[in-house]
K.L.:
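My questions will all concern the structure given below.
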Amino acid sequence: MAAVLASSPLIGTAVGCSAKSERQSRGGGNAELNIKRHFGSKLKLPSIKIRFSGISAGITSIVGALSFGGQPGAAGEVTVVEERNWNSYAWSQSKTPRICILGGGFGGLYTALRLESLLWEADKRPQILLIDQYDRFVFKPLLYEIISKEVDQWEIAPTFAELLANTKVHFLKDSVKAVSAPGQSRGNGSLASAGDNAVGTVVLESGTRVDYDWLVLALGSESKLDFVPGAPENALPFVTLEDALEVERRLTELESERSDLDKPIEVVIVGSGYSGVELAATLSERLGKKGKVRVVDAGSDICSSAPAGNREAAKKVLASRNVELVLGYRVTGVRSSEDRRSNPENNGSASTSSSSKYSISLKLVTSRKRSDDSQLEADLILWTIGTKATVPSRDLDTDYPAFPVNGRGQADTDEFLRVKGHPRIFAVGDSSSTKDSAGRTLPSTAQVAFQQADYAGWNLWAAINERPLLPFRYQHLGEMMTLGKTDGAVTAGFLDFTLVGLAAHSARRLAYLYRLPTDEHKAKVALSWLSKSTMESIAFVQNEVTKALNSK
């Protein structure tokens with residue numbers, strides 16, 4: 001995760017002859033049920049199974065088969081297809097445009113806030129619904145400060161209810177299962193919108209169906225660890241707030257267990273991009289002599305896409321904190337062995353808690369010799385490489401994407417950020433495949449999502465008001481990174497100069513304070529940071545005075 005400037009069962013079983021099973025799903029599935037009748041002279045008793053989804057919803061599926069023993073020449077077959085009765089989201093109005101925004105990250109939330117800030121005629125002011133699987137917005141570039149304990153959770157992860165309290169944007173906590181675009185046909189009819197070919201539909205995990213006139217796809221990306229055996233089970237990603245809190249919990253447990261400096265806490269970070277390097281700097285500072293941090297990457301250098309100034313500043317900080325760089329090696333597997341310790345309070349019996357030691361298998365990428373394989377041991381493995389864009393499925397029964405995607409799974413967009421072939425659907429952030437003026441695909445960073453949200457909001461306004469749309473033009477404003485509580489690196493996009501140290505750390509904090517979502521939240525966080533800084537300054541002065549008095 002690059003820190004840059006400006007910057008998601010119903011089971012029906014047909015019993016009898018030629019029965020077919022329905023697909024399982026948490027939020028429901030297609031209620032496509034077949035009743036087959038074969039006419040003949042001998043009658044067999046029918047077998048019928050009925051599934052109720054609740055009193056309020058009524059009967060949602062009927063599964064059965066009526067089978068009649070047939071004689072040669074028996075003919076006639078009747079097939080009945082029943083469609084599931086979805087719960088529809090109730091928009092407050094029926095005449096004004098309905099904008100549904102999927103995902104509440106930088107792209108989705110900031111698009112909603114941009115739409116809210118624009119001037120609208122009364123009959124064209126849209127209804128805006130923001131949908132996210134979590135109830136909090138997370139300012140991800142500041143997740144490292146959770147580990148260094150520089151920020152409180154509420155500062156970088158305010159609730160959507162708080163952020164949208166003074167707006168007309170509505171929020172719904174749910175996960176997206178499938179999406180149909182306006183005009184898309186449905187063979188089984190399960191997602192078809194009622195009566196209007198210009199209306200699209202979103203089906204949510206809860207079974208709710210949301211009809212929309214305009215859609216913003218901003219579901220972001222998720223960690224992908226399954227390409228290395230053992231990684232999903234034994235490594236921790238660092239992408240979401242939940243990831244950061246879990247890393248903090250594991251670190252706290254290890255710190256309480258390892259008071260002996262002769263047995264340091266060993267941490268291996270897979271990936272030497274921005275996220276890996278910032279994690280390494282933060283953890284090495286926190287653990288000090290109590291820990292040993294290694295960074296593993298198949299590349300030959302850290303932060304290969306970063307400005308030279310940022311990269312050199314990071315190398316100096318990592319070297320000063322004895323972070324070991326294991327470059328040129330690819331991780332081929334991760335294994336775990338449980339290390340159960342006796343609990344003195346339980347008379348030496350095995351404790352119910354356990355800590356794991358992990359073994360990481362490495363392969364030198366420049367050679368195919370077996371002798372180039374090696375192993376690393378760790379108490380904690382953090383995974384910062386491999387992500388996949390989240391684009392919803394077109395159908396409930398398949399994983400086929402609802403929209404055209406590129407090789408990275410991102411929706412293909414035109415210069416106006418509209419999904420190709422779907423003029424009423426926009427895609428921003430990690431979900432969008434957008435190119436710069438040179439034809440290069442833009443990176444999945446907060447800076448890109450910030451700027452796309454501004455354009456997407458404006459272009460939605462323009463499209464609804466039948467005005468010309470603006471082609472997206474990305475401006476690279478620079479890159480920033482944190483290297484601990486008092487270190488950082490900032491390189492402006494328009495200057496060949498890198499600010500380092502405490503000044504860079506402070507500049508980064510101020511830039512991100514400015515980029516927080518609402519003025520109200522900015523004010524609260526600014527006051528909190530000012531209070532903390534004041535208390536830290538007072539404590540520092542007191543300690544210095546105490547030292548001076550004691551030395552006399």
Side-chain angles (χ1 to χ4, degrees), residues 1 3-7 106 109 135-163 165 238 240-256 274-275 277-288 290-291 313-314 317 320-321 446 450 480-490 499-548:
M1 170 175 32
V4 287
L5 192 64
S7 359
F106 290 113
L109 175 64
D135 61 357
R136 293 178 180 272
F137 164 75
V138 181
F139 201 95
K140 291 184 178 181
L142 291 175
L143 276 179
Y144 310 99
E145 276 81 341
I146 290 286
I147 306 301
S148 62
K149 301 182 179 179
E150 295 176 78
V151 301
D152 296 324
Q153 179 177 325
W154 69 268
E155 295 172 347
I156 67 166
T159 64
F160 288 110
E162 173 193 340
L163 296 175
F238 195 82
T240 67
L241 175 64
E242 288 69 25
D243 295 338
L245 294 177
E246 178 61 17
V247 172
E248 167 63 21
R249 185 190 69 81
R250 294 279 292 274
L251 279 173
T252 302
E253 286 184 354
L254 288 168
E255 287 171 330
S256 64
Y274 266 104
S275 183
V277 168
E278 289 177 297
L279 262 179
T282 302
L283 288 173
S284 59
E285 181 182 57
R286 170 171 170 168
L287 295 174
K290 296 186 301 181
V317 171
S320 68
R321 296 176 188 167
F450 278 134
M480 305 186 296
M481 63 194 310
T482 181
L483 298 170
K485 288 184 177 181
T486 58
D487 279 300
V490 176
L499 188 65
V500 298
L502 180 59
H505 180 81
S506 301
R508 174 180 174 273
R509 293 286 294 273
L510 289 174
Y512 284 147
L513 177 64
Y514 173 74
R515 282 296 185 178
L516 289 176
T518 65
D519 291 338
E520 294 84 354
H521 189 65
K522 290 176 188 177
K524 291 178 183 178
V525 174
L527 185 60
S528 176
W529 288 1
L530 179 61
S531 175
K532 290 177 185 177
S533 177
T534 301
M535 295 301 295
E536 289 174 358
S537 299
I538 293 174
F540 175 77
V541 172
Q542 287 178 338
N543 288 335
E544 292 300 312
V545 171
T546 301
K547 289 179 182 179

K.L.:
Give a yes or no answer on whether the side chain of K140 reaches the backbone of T240 with a donor-acceptor pair at less than 3.5 Å.
P.N.:
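No: the side chain of K140 does not pair with the backbone of T240.
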
K.L.:
Between A281 and G484, which heavy-atom pair has the shortest distance, and what is it?
P.N.:
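Closest pair (atom of A281, atom of G484, distance): CB-N, 4.5 Å.
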
K.L.:
Quick one, Y514 and L510 - any side-chain contact, counting heavy atoms below 4.5 Å?
P.N.:
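No, too far: nothing below the 4.5 Å cut-off.
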
K.L.:
Are V490 and M480 side-chain neighbours, meaning at least one heavy-atom pair lies under 4.5 Å?
P.N.:
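Yes, their side chains come closer than 4.5 Å.
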
K.L.:
With salt bridge (charged side-chain N to carboxylate O under 4.0 Å, His left out) as the criterion, how do R249 and E246 come out once you've worked through the C-alpha distance, each side chain's angles and the decisive distance to 0.1 Å?
P.N.:
CA-CA 5 Å; R249 185 190 69 81; E246 178 61 17; 2.6 Å; yes

K.L.:
Is the closest side-chain heavy-atom distance between E155 and V525 below 4.5 Å?
P.N.:
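With C-beta onward as the side chain, the pair touches.
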
K.L.:
Looking only at non-hydrogen atoms, find the nearest pair between H505 and K485 and report the distance.
P.N.:
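Heavy-atom minimum between the residues: NE2-O, 2.9 Å.
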
K.L.:
Decide yes or no for F106 and R515: does some side-chain heavy atom of the first lie under 4.5 Å from some side-chain heavy atom of the second?
P.N.:
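Counting from C-beta outward, F106 and R515 never come under 4.5 Å.
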
K.L.:
Testing the 3.5 Å rule here: is there a donor-acceptor pair between the side chains of T252 and E248?
P.N.:
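T252 vs E248: donor-acceptor pair found between side chains.
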
K.L.:
For the CG atom of L287 and the CD1 atom of I147, what is their distance to the nearest 0.5 Å?
P.N.:
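L287 atom CG to I147 atom CD1 measures 10.0 Å (nearest 0.5 Å).
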
K.L.:
Between A489 and A313, which heavy-atom pair has the shortest distance, and what is it?
P.N.:
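Smallest heavy-atom distance, with atoms named: CB-CB, 3.9 Å.
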
K.L.:
May I ask you to decide if I156's main-chain N or O and H521's side chain share a donor-acceptor pair within less than 3.5 Å?
P.N.:
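A pair under 3.5 Å: no.
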
K.L.:
Look up atom CE in M481 and atom CG in D487, then write down how far apart they are to the nearest 0.5 Å.
P.N.:
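If we round to the nearest 0.5 Å, M481:CE and D487:CG are 11.0 Å apart.
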
K.L.:
Taking all atoms of both residues into account, what is the closest heavy-atom pair of V277 and A314, and its distance?
P.N.:
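Heavy-atom minimum between the residues: CG1-CB, 3.7 Å.
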
K.L.:
Can you tell if the side chain of L483 reaches within under 4.5 Å of the side chain of E285, non-hydrogen atoms only?
P.N.:
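Answer no - side chains too far apart.
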
K.L.:
Find out whether L143 and E278 are in side-chain contact, i.e. whether some heavy atom of one side chain is under 4.5 Å from a heavy atom of the other.
P.N.:
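With C-beta onward as the side chain, the pair stays apart.
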
K.L.:
Backbone N or O of Q542 within a donor-acceptor pair of the T546 side chain at under 3.5 Å?
P.N.:
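Yes, T546 side chain to Q542 backbone: donor-acceptor pair under 3.5 Å.
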
K.L.:
Kindly compute the distance separating OG1 (T534) from NZ (K532), expressed to the nearest 0.5 Å.
P.N.:
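Interatomic distance, T534 OG1 to K532 NZ, rounded to 0.5 Å: 12.0 Å.
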
K.L.:
Judged by atom type as modelled, is there a donor-acceptor pair below 3.5 Å linking the side chain of S320 to the main-chain atoms of V317?
P.N.:
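Yes; at least one donor-acceptor contact below 3.5 Å.
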
K.L.:
How long is the straight-line distance from CG of L142 back to OH of Y144, given to the nearest 0.5 Å?
P.N.:
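Output value for this atom pair is 10.0 Å.
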
K.L.:
Calculate, to the nearest 0.5 Å, the distance between atoms CH2 and CD belonging to W529 and E145 respectively.
P.N.:
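Nearest 0.5 Å value for the CH2-CD distance: 7.5 Å.
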
K.L.:
To the nearest 0.5 angstrom, please state how far the CG atom of D152 sits from the CD1 atom of I146.
P.N.:
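CD1 of I146 is found 7.5 Å from CG of D152.
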
K.L.:
Where is the tightest heavy-atom contact between S284 and R321, given as atom of each residue plus distance?
P.N.:
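Closest heavy-atom pair between S284 and R321: OG-CD, 3.3 Å.
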
K.L.:
Decide side-chain contact (heavy atoms from CB on, under 4.5 Å) for R509 and V151; before the verdict, give the C-alpha distance in whole Å, the side-chain angles of both, and the deciding distance to 0.1 Å.
P.N.:
CA-CA 11 Å; R509 293 286 294 273; V151 301; 4.2 Å; yes

K.L.:
Locate the shortest heavy-atom distance separating P158 from E162; write the atom from each residue and the value.
P.N.:
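The answer is CB-OE1, 3.8 Å.
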
